[in-house]
Amino acid sequence: MKTFTSKKTLQEYLHQLKASNKTIGFVATMGALHQGHISLIELAKQQNDIVVCSVFVNPTQFNDPKDLEKYPRTIEADTKMLEQAGCDILFNPEVNEMYDGNEQWHLNLGETEHLLEGEFRPGHYQGVTQVVNKLFNIVNPDKAYFGQKDYQQFLIISKMVDMLNMPVNLVMCPILREADGLAMSSRNIHLTPEDRQHALVLSKALNWLKDNFDKHNIPELKQEAEKMINSEPGVELDYLAIADGDTLHPATENTKSIVALVAAKVGKTRLIDNVILVHG
Ligand code: PAF
C-alpha cells in the first residue's frame, strides 16, 4: 500500500493511474478503523481497479472541541488493517494540508441538514460536506462508499453530489454489527463494559420495530421503542425517529421508504444507529 500525506503527490499518482484507464473506488474515514470500514474497502476492491482510503479526523465537523480532542487516533493499527484488506492507497493528510486558514464557505444543503443529527450537532453536515467535497476533488473517484450507519450523512452527501454535478457514484453499504447486535462504530472504544451492555437497547429497539412494523401504527411503534430506550439505565435518548427515507420527515402510513433512526448518549458516548423498515 502506498501512503500519501500531500494532496499534490496523490493527485499526480492518481492521474497516471487514470491515464491507464484504471477505475478508482474511494472510502473516506476518520480512522479508528473497524470491520465496518473494512467491509467498505472490500466492496470497493470488488468493484474497482484501485482502492483509495483517506484517514483524516476532520475538525470542521465537530461542534464540540472535547469530542474532537478525544476522537480515537490509531493510525498504526489503521495502516495495518488497510494493508491486510488489500487497500492500494492511503491518504493521511495533516489539517493544514486540507484547510488553508479559516474557511468560511457554506453549501445550501436544504432542510435535511438541520433535522435529527443536524439539530443536535449544528454545523456538523457543513463540516462533513466541506471535507468530502475536498476529498472528492482530490481523489476524483468513480465510486465512493459510505456506511448506512450514518444514514443522514449519506443523504446529505448525495444531495451535494447532485447539486454540484460531481461525477461520482455513491454506494451505501450495510451496517456491520457485533455478535450481540451493537452497530460497529469507532466510538465504541469509549464504552465501559456497563455502557456496552446498556448500549444494546438501541439495536434491540430497532429490531423490535422491524419485527413489529406490521402489527402497530407508526405513533404506537415510536412510543413503544422510545419507552424501551428510556427505561434502560445509563442511556439518554436524543431522538428516535420513524422517518421518510428520502426527506427524514416523520413517516406516515403512505410513505414509500421508511427508516427508523436513533441517537442516544450511553454513559459519556453518543451513539447512532438505524434500520430500514420499508425499502422504497
Ligand atoms: O463518516 C465519517 O467517518 C466522516 O463523516 C467522513 C465521511 C469521513 C468525513 O469526515
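On a predicted model such as this, the values are computed, not experimentally measured, just so you know. All ligand and atom numbering here is 1-based and tracks the order in the structure.
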Quick one: which ligand 1 atoms are inside 4.0 Å of a heavy atom on [X]?
X      : result
Gln153 : 1 (O), 2 (C), 4 (C), 5 (O), 7 (C)
Thr29  : 8 (C)
Val131 : 9 (C), 10 (O)
Ala28  : 8 (C)

**Q.** Top protein contact for atom 3 (O) of ligand 1, by heavy-atom distance
**A.**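 Ranking protein heavy atoms by distance from atom 3 (O) of ligand 1, first comes Met30 CG, 3.7 Å.
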
Q. Among protein heavy atoms, which lies nearest atom 9 (C) of ligand 1, and at what distance?
A.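 The answer is Gln61 OE1, 3.3 Å.
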
Q | N/O separation below 3.5 Å, Asn58 to ligand 1 | A |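 Asn58 vs ligand 1: no N/O contact under 3.5 Å.
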
(Q) Could you walk me through whether Tyr71 and Asn58 satisfy the side chain to side chain donor-acceptor pair (under 3.5 Å) test, starting with their C-alpha distance in whole Å, then the side-chain angles of each, then the deciding distance to 0.1 Å, before giving a yes or no? (A) CA-CA 10 Å; Tyr71 200 85; Asn58 172 37; over 6 Å; no

Q) What part of Ile157 sits under 4.0 Å from ligand 1 if we count only heavy atoms: the side chain, the backbone, both or neither? A)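 Neither; no heavy atom under 4.0 Å.
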
Q) Looking only at atom types and distance, does a side-chain atom of Gln153 sit under 3.5 Å from a main-chain N or O of Tyr125, one as donor and one as acceptor? A)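 Flag not set: sc Gln153 to bb Tyr125 has no pair under 3.5 Å.
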
Q: Would you check if there is a donor-acceptor pair between the side chains of Gln148 and Asn274 at a distance under 3.5 Å?
A: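 Yes, because at least one side-chain N or O of Asn274 sits under 3.5 Å from a partner of the opposite role on Gln148.
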
Q: Would you tell me whether Asn133 and Thr129 have side-chain atoms, one donor and one acceptor, within less than 3.5 Å of each other?
A: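 No, because no side-chain N or O of Asn133 sits under 3.5 Å from a partner of the opposite role on Thr129.
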
**Q.** Test side chain to side chain donor-acceptor pair (under 3.5 Å) applied to Tyr239 and Glu119, step by step
**A.** CA-CA 10 Å; Tyr239 61 80; Glu119 198 185 324; over 6 Å; no

Q) How far apart are the closest heavy atoms of Thr60 and Gly127, and which atoms are they? A)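 Answer, listing the atom of Thr60 first, then Gly127: OG1-CA, 3.2 Å.
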
